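Positions are given from 1, in the same order as the sequence printed here. It should be emphasised that the depicted structure is a prediction, and the values quoted were computed from it without experimental measurement. Values below: all heavy atoms of this structure, side chains included; hydrogens, waters and symmetry mates excluded.
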Amino acid sequence: MDIDAAINALKKKIGKSTYSMEGSRDFSDGTCDCSGAVYYGLRKAGCSDFGYIPSTETLHEYLVQNGITLKAENEPFNMEKGDIIIWGKQGQSAGANGHTGICIDNQNWIECTAWHDLGETIQNHDKRWGNGRKTILLCLPLYG
């Protein structure tokens, strides 16, 4: 997996997309949601086709199928480039109850969000996390 390819593909969508869970979810109609964006980026990085665009619920299974292992769950962690973060406990993160993005360094992540109508954007993760989220699942890609 080439995480730089994922990040670069998503950076090209900044300012060119709007957030929607009702649209294509994969940028094909100019809209995307958070899990659709992560899936889009990971496909550009060389990850397998899941057969459909995963949600924050089914993204867990997709990550495991692509050799991505759990780094931390509900505990402090050192964020690194390439980490994939899912906010929300599996089984309870469907729809607006979950969120996801890909870390681009040890402080910032690229995400597709309805927050401030930003769409695809780069934000400081910890500042965004301060919006009352209570659960975190963080996965780290295995590099070959």
Side-chain angles (χ1 to χ4, degrees), residues 1-21 23-50 52-90 93-144:
M1 172 175 36
D2 180 356
I3 200 64
D4 288 320
I7 292 168
N8 290 333
L10 292 170
K11 283 181 176 179
K12 290 178 183 176
K13 299 299 183 181
I14 294 173
K16 298 177 182 166
S17 61
T18 56
Y19 181 90
S20 174
M21 286 191 285
S24 68
R25 300 184 55 231
D26 68 357
F27 301 109
S28 62
D29 67 356
T31 68
C32 199
D33 69 2
C34 62
S35 55
V38 168
Y39 179 69
Y40 175 88
L42 292 176
R43 292 285 291 136
K44 297 292 184 183
C47 289
S48 67
D49 182 1
F50 196 50
Y52 64 92
I53 299 169
S55 68
T56 50
E57 281 296 311
T58 56
L59 186 60
H60 301 265
E61 180 183 348
Y62 178 71
L63 296 173
V64 169
Q65 284 181 4
N66 282 278
I68 299 170
T69 58
L70 181 65
K71 180 176 179 180
E73 186 172 4
N74 287 329
E75 60 188 59
F77 62 92
N78 292 320
M79 190 168 93
E80 299 175 84
K81 178 181 177 180
D83 287 351
I84 300 164
I85 295 177
I86 302 173
W87 292 349
K89 186 174 183 178
Q90 189 172 14
S93 68
N97 293 320
H99 191 54
T100 187
I102 300 175
C103 301
I104 63 170
D105 58 34
N106 67 348
Q107 295 182 21
N108 301 295
W109 69 339
I110 191 161
E111 60 173 322
C112 188
T113 180
W115 184 64
H116 294 288
D117 295 321
L118 290 172
E120 193 65 29
T121 183
I122 295 173
Q123 297 292 318
N124 179 282
H125 174 266
D126 290 349
K127 286 182 182 174
R128 289 277 287 121
W129 179 252
N131 291 335
R133 302 288 180 182
K134 293 184 173 43
T135 305
I136 187 167
L137 173 75
L138 177 97
C139 298
L140 175 66
L142 292 175
Y143 294 97

* Looking at side-chain heavy atoms only, is the closest gap between Ile110 and Ile14 below 4.5 Å? -> yes
Of all heavy-atom pairs linking Ala37 and Glu120, the shortest is CB-OE1, 3.4 Å
Exercise for the section: Kindly say whether Ser24 contributes a backbone atom to a donor-acceptor pair with the side chain of Thr31 at under 3.5 angstrom? Expected result: yes
| said: Under a 3.5 Å distance rule, please check whether Lys71 uses its side chain to pair with a backbone N or O of Asn78 as donor and acceptor. | reply: yes
Next on the checklist: For Phe27 and Tyr40, take the angle between the two ring planes, folded into 0 to 90°, and tell me which bin it lands in: parallel under 30, tilted 30 to 60, perpendicular over 60.
Outcome noted: perpendicular
Minimal heavy-atom distance between Cys103 and Glu80, with the atoms involved, is CB-O, 3.3 Å
Exam field: side chain Asn108 to backbone Asp105, donor-acceptor pair closer than 3.5 Å:
no
* Asked: Under a 4.5 Å cut-off applied to non-hydrogen side-chain atoms, are Ile104 and Leu10 in contact?
  -> no
Next on the checklist: Is any side-chain heavy atom of Asp49 closer than 4.5 Å to one of Tyr39?
Outcome noted: yes
Is there a donor-acceptor contact under 3.5 Å from the side chain of Tyr62 to the main chain of Ser55? no
* **Pairwise side-chain contact, Tyr52 with Arg25, heavy-atom cut-off 4.5 Å (strictly under)** => no
Rounding to 0.5 Å, atoms OG (Ser20) and CG (Asp29) come to a distance of 7.0 Å
Closest non-hydrogen contact found for Tyr19 with Cys34 is CE1-N, 3.6 Å
For the backbone of Ile85 and the side chain of Thr100, can you confirm whether one donor and one acceptor N or O come within less than 3.5 Å of each other? yes
### Message
Are Thr56 and His99 packed together at the side-chain level, in the sense that at least one heavy-atom pair is separated by less than 4.5 angstrom?
### Response
no
Exercise. With no hydrogens and no angle check, do the side chains of Gln123 and Thr121 hold a donor and an acceptor under 3.5 Å apart?
Worked result: yes
Does Asp26 reach the main-chain N or O of Ser28 with its side chain, forming a donor-acceptor pair under 3.5 Å? yes
Would you find a donor on one side and an acceptor on the other, under 3.5 Å apart, between the side chain of Ser35 and the backbone of Pro54?
yes
Evaluate the side-chain proximity of Leu42 to Asn66: yes if any heavy-atom separation is below 4.5 Å, no if none is. no
Rounding to 0.5 Å, atoms CD1 (Ile3) and CD1 (Ile84) come to a distance of 5.5 Å
Correct closest heavy-atom pair for Ile102 and Ala6 would be CD1-CB, 4.5 Å
